[in-house]
Protein chains: 2
Amino acid sequence: MDAIHPLTLKRLGIDTYKEPILYLHCENTICQSEGFEAQTQVRVECGDQWIIATLNIIHSNLLKTSEASLSEYAWELLQAEEGEMLSLSHPKTLESLSFIHSKIYGHELDAEALDSIIQDAYLGYLSNIQIAAFLTACAGGRLNLGEITALTESMINAGDRLHWPQELVVDKHSIGGLPGNRTTLILVPIVAAFGLTIPKTSSRAITSPSGTADTMEVFTSVNLTTEAMKRVVEKEGGCVVWGGSVALSPVDDILIRVERGLDLDSEGQMVASVLSKKIAAGSNHVLIDIPLGPTAKVRSLEMANCLKHYLEEVGARLDIKVKVMISNGEQPVGRGIGPVLEAIDVMAVLQNDPKAPQDLRDRALSIAGELIEFSPKVKAGEGKRIAERILTSGEAWKKFQAICEAQGGLKFPKKAEHVKAILAQTSGKIISIDNRRLARVAKFAGAPHSKAAGVELLASLNTRVEKDQLLFNIYSESISQLNYAAGYVETHPDIISIEEQE
Amino acid sequence: MDAIHPLTLKRLGIDTYKEPILYLHCENTICQSEGFEAQTQVRVECGDQWIIATLNIIHSNLLKTSEASLSEYAWELLQAEEGEMLSLSHPKTLESLSFIHSKIYGHELDAEALDSIIQDAYLGYLSNIQIAAFLTACAGGRLNLGEITALTESMINAGDRLHWPQELVVDKHSIGGLPGNRTTLILVPIVAAFGLTIPKTSSRAITSPSGTADTMEVFTSVNLTTEAMKRVVEKEGGCVVWGGSVALSPVDDILIRVERGLDLDSEGQMVASVLSKKIAAGSNHVLIDIPLGPTAKVRSLEMANCLKHYLEEVGARLDIKVKVMISNGEQPVGRGIGPVLEAIDVMAVLQNDPKAPQDLRDRALSIAGELIEFSPKVKAGEGKRIAERILTSGEAWKKFQAICEAQGGLKFPKKAEHVKAILAQTSGKIISIDNRRLARVAKFAGAPHSKAAGVELLASLNTRVEKDQLLFNIYSESISQLNYAAGYVETHPDIISIEEQE
């Protein structure tokens, strides 16, 4: 390194998600002597850690000229403390960037090149625009099977990897989940009660009113360390924890956030993303559910079959068994939208309540059945019946409670205090339900931050309703949010469209 | 739009270059109801302007929950004032993004698609990662001649365009300039004195100790509006102004900054970048100089010839004459490094000082000669002699002074007060000069912000020096910067390598 300039660290509390940003005052002499300006990539050293950050320049008194600040992610990467000293210099050109260039120019990348790119993304050396270039260069079918396999392995290696003594460790994943599709919370206890090991990690909501981890959090804690997760699975055979709290294929989160900004789904990246998480979690038998439908993530059978081929092939090359099921993804599953209301659906199914949503029950049993059939003791076609037996006998509900206890104690869902009923304004047949706007109503009501907030959908597509019949309830923990959500419904009367009939 | 949330604007003074960022407090109810989080793209409305910005979340008291802030570029795009109200909502999917996807998947883009992408980049609707995806998808030879032509036109249309009454409007451009290569300041007055129109815009230093605009600023003002630039050219036939102060192909700056972050030069983008600036400035005869050398931007004859072909073809399709010269780019040009020291070189050439650097003089005359030969009255091969006559007669120096007066008044360069001589530590032959580190010495001494700071190089490659002979002088306006630069030289004695001889 040619030049070292010490600066004192001050915290400004700016969260840029996974983008390391360095903040310096405009009159800082370093900017002048080094030619640093806004958007320059700067090597930032603190103690024995270093990262490469993008520079933002402060033209106000947020910082003194002798101070520097960092985005929250950069603080974390550097393990820095307020008041510590920072050294800045020009970064050397990254080797990984030359591999990205090579891919841009259409060359095949070997395992070493992909390792270098993924490691540098993991360590915070690559900027978001560099990651965007990598993802773009790989999209459009530009990764072959060998590259997807190597990419999956690189992503597994950048993070923790769990190992289990059991031979059969299973997992499932839905690509582009459907609203209310909380099958995971039902099938994990069924499969664990059957005796298989299922170390499940799930995501939180990003733009939806609830993610599987948010719904599980209604019952118990989901912020477990890798060690705590290991203990739960050793004791109960299964768990449902938040993927963000364990470091299994952590690069995936970095790549996905950039992909989302590009609105880009590349097949190769999707395959590596799914399989790396599962393999890092120690699974060797994985069921992938691909819901297919006009508003689902996968919209054509061709795309679904292409993904199926890649998933099975890459799985085989990495020595794990991958089974792919293509399912109907046209309708939401269950009645609740929002963590507590979804948890109530889940509990109704697990407790064999006759009023439980049958679509959710049936879907969970199908997937559980497929997972159970991974066991060599089970004949093809018998899995679903076994799953149903475990559910009906109450074993699944017992196992679910035991898993919750092991994760930190069981709590029961409680509906929100304030509720507003939305009634049919006319009689007729329900010809469409706008899921996107229903989800928005649930978010206006406070979901997912307010766990009990959400929407309880009581009408079904293609059924007849009478004027003033209850279509859905809005739940909220605050009157003002309830009114806001109800006001939105009032100005959007076509969220549920009813066709008048003779 | 489905939801509007008003917030009061507060200025934080954060410069992110050309990236629109929105800052909100983490406890803002909008983040919760809309599911906004760090790195979400948000539609931001203020008065009758709107942009799409990337969200950063503030976890400190920099903002109240009822306040919002913007990056400096977003303030500018929205023409917003502190205290004004801001409305936020989810942006609709941009059509331009679907065109970018189309290019990622290998399809040809038509003029309408390229217009949409460039307009959205210009208006601040596309994020940096989306621009990075576009540039990546176009790199590696993935733009054909028709696309490069359409892209050039789109870039011209997004900004101002100058028109001149003269038939012959000339310009020149060097692709990846060499250190100290200030030929522009010499050839512009020669060509203007000859009677051609040459409306020249130049860049400032980004990572180097001086850009052409910085050196010109030693003599006169370069921050001219488009109108002021027009008046200077109408009066004197030529000018040298800073490209950043006029809005000629302004999208170029946005694209270049992202390209720099990717360390990516795509031929198509380079051609569109150069020609759009020239055509927007109203030129119809353009000379492109491609310095070829191991440390120049263009390093192979193959690449130089490929660029030459594209430049000439696209020029022909857009009805302008483009001449390309491939020149020797192995050595720096002139003696000074830093604005004032380079200005002194330029003045020595213009004043026909016998001690003026002959490489700079010769290079400027060659390019001026080529430009003069654009005139139908001049026979091929006669241009350089005409240029030399104009220089030797003093006409060029007179014209240069007149241009400076028209741009705001002429000032003369003045060397810095503090100087430190660096002597040869041994006798022998100079076998290498590390230009990159010499540039760094000039920057440590204060260049380009301190105009008079820099390095005056007095040794030449492949010549013999005696022990204690002067190799170069470091100039600085502050003792501490001078010592810092000298200290750097002391720890890097091989900046100029001398091989001892028998």
Side-chain angles (χ1 to χ4, degrees), chain A residues 2-3 11-19 23 26 32-35 37-41 54 56-60 62 71-72 93 97 100-101 104-106 127-133 135-137 139-140 205-208 257-258 261-264 437 440 443-444 446 449 481 484 488 492, chain B residues 2-3 11-19 23 26 32-35 37-39 41 54 56-60 62 71-72 93 97 100-101 104-106 127-133 135-137 139-140 205-208 257-258 261-264 437 440 443-444 446 449-450 481 484 488 492:
Chain A
D2 279 334
R11 194 148 205 145
L12 291 176
I14 303 178
D15 173 17
T16 59
Y17 190 65
K18 301 274 183 187
E19 170 126 61
Y23 301 91
C26 55
Q32 298 179 5
S33 64
E34 291 289 311
E37 52 179 32
Q39 231 170 300
T40 304
Q41 296 288 108
T54 301
N56 281 190
I57 302 279
I58 303 288
H59 295 265
S60 67
L62 296 188
S71 62
E72 293 298 293
T93 304
L97 198 53
I100 294 175
H101 287 171
I104 293 173
Y105 283 87
S127 69
N128 277 353
I129 63 167
Q130 290 164 343
I131 292 171
L135 293 170
T136 300
I206 292 174
T207 55
S208 70
R257 193 59 70 107
V258 173
L262 297 175
D263 202 8
L264 188 71
R437 287 200 162 143
R440 178 162 284 177
K443 290 199 288 176
F444 286 152
H449 293 271
Q481 283 182 307
Y484 192 75
Y488 178 78
H492 295 83
Chain B
D2 279 333
R11 194 146 204 147
L12 292 176
I14 303 178
D15 174 15
T16 58
Y17 192 64
K18 301 274 184 189
E19 170 125 61
Y23 300 91
C26 55
Q32 298 180 4
S33 64
E34 292 289 311
E37 53 178 33
Q39 231 170 300
Q41 295 288 107
T54 301
N56 281 189
I57 302 278
I58 304 287
H59 294 265
S60 66
L62 295 187
S71 62
E72 292 299 291
T93 303
L97 197 53
I100 294 175
H101 286 173
I104 292 173
Y105 283 87
S127 68
N128 278 353
I129 61 165
Q130 290 164 345
I131 292 170
L135 294 169
T136 300
I206 291 176
T207 54
S208 70
R257 193 58 70 106
V258 174
L262 297 175
D263 202 9
L264 187 72
R437 287 200 162 143
R440 178 161 284 177
K443 290 199 288 174
F444 286 151
H449 293 271
S450 160
Q481 283 182 306
Y484 192 76
Y488 178 77
H492 295 83

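Order of the sequence lines sets the chain letters (A, B, ...), proteins ahead of strands, with each chain counted from 1.
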Find the distance between [atom1] ([X]) and [atom2] ([Y]) and round it off to the nearest 0.5 Å.
X	Y	atom1	atom2	value
A:Thr40	B:Arg257	OG1	CZ	6.5 Å
A:Arg437	A:Phe444	CZ	CZ	10.0 Å
A:Ile100	B:Leu262	CD1	CG	8.5 Å
A:His101	A:Gln130	NE2	CD	8.0 Å

(message) If we define contacts as heavy-atom pairs under 4.5 Å, which of B:Ala133, B:Ser60, B:Gly106 has the most with chain A?
(response)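 Winner by heavy-atom pair count: B:Ala133.
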
(request) Against chain B, label A:Leu62 side chain, backbone, both or neither, depending on which of its atoms sit under 4.5 Å from a heavy atom there. (result) side chain

(request) Counting only heavy atoms closer than 4.5 Å, note whether A:Leu135 contacts chain B via side chain, backbone, both or neither. (result) neither

(message) Which atoms of B:Leu97 are under 4.5 Å from chain A, going by heavy atoms: the side chain, the backbone, both sets, or neither?
(response)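 Interface part for B:Leu97: side chain.
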
(message) Using heavy-atom distances under 4.5 Å, tell me whether B:Ile131 contacts chain A through its side chain, its backbone, both, or neither.
(response)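 Contact with chain A involves no heavy atom of B:Ile131 at all.
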
(request) Using side chain to side chain contact (heavy atoms under 4.5 Å, CB included) as the criterion, list what pairs up with A:Thr16, not counting sequence neighbours. (result)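 For A:Thr16 the side chain to side chain contact (heavy atoms under 4.5 Å, CB included) partners, ignoring immediate neighbours, are A:Ile14, A:Glu19, A:Ile21, A:Tyr23, A:Ser71, B:Asn56.
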
(request) Against chain B, work out which of A:Gly140, A:Gly261, A:Gly13 has the most heavy-atom pairs shorter than 4.5 Å and name it. (result) A:Gly13

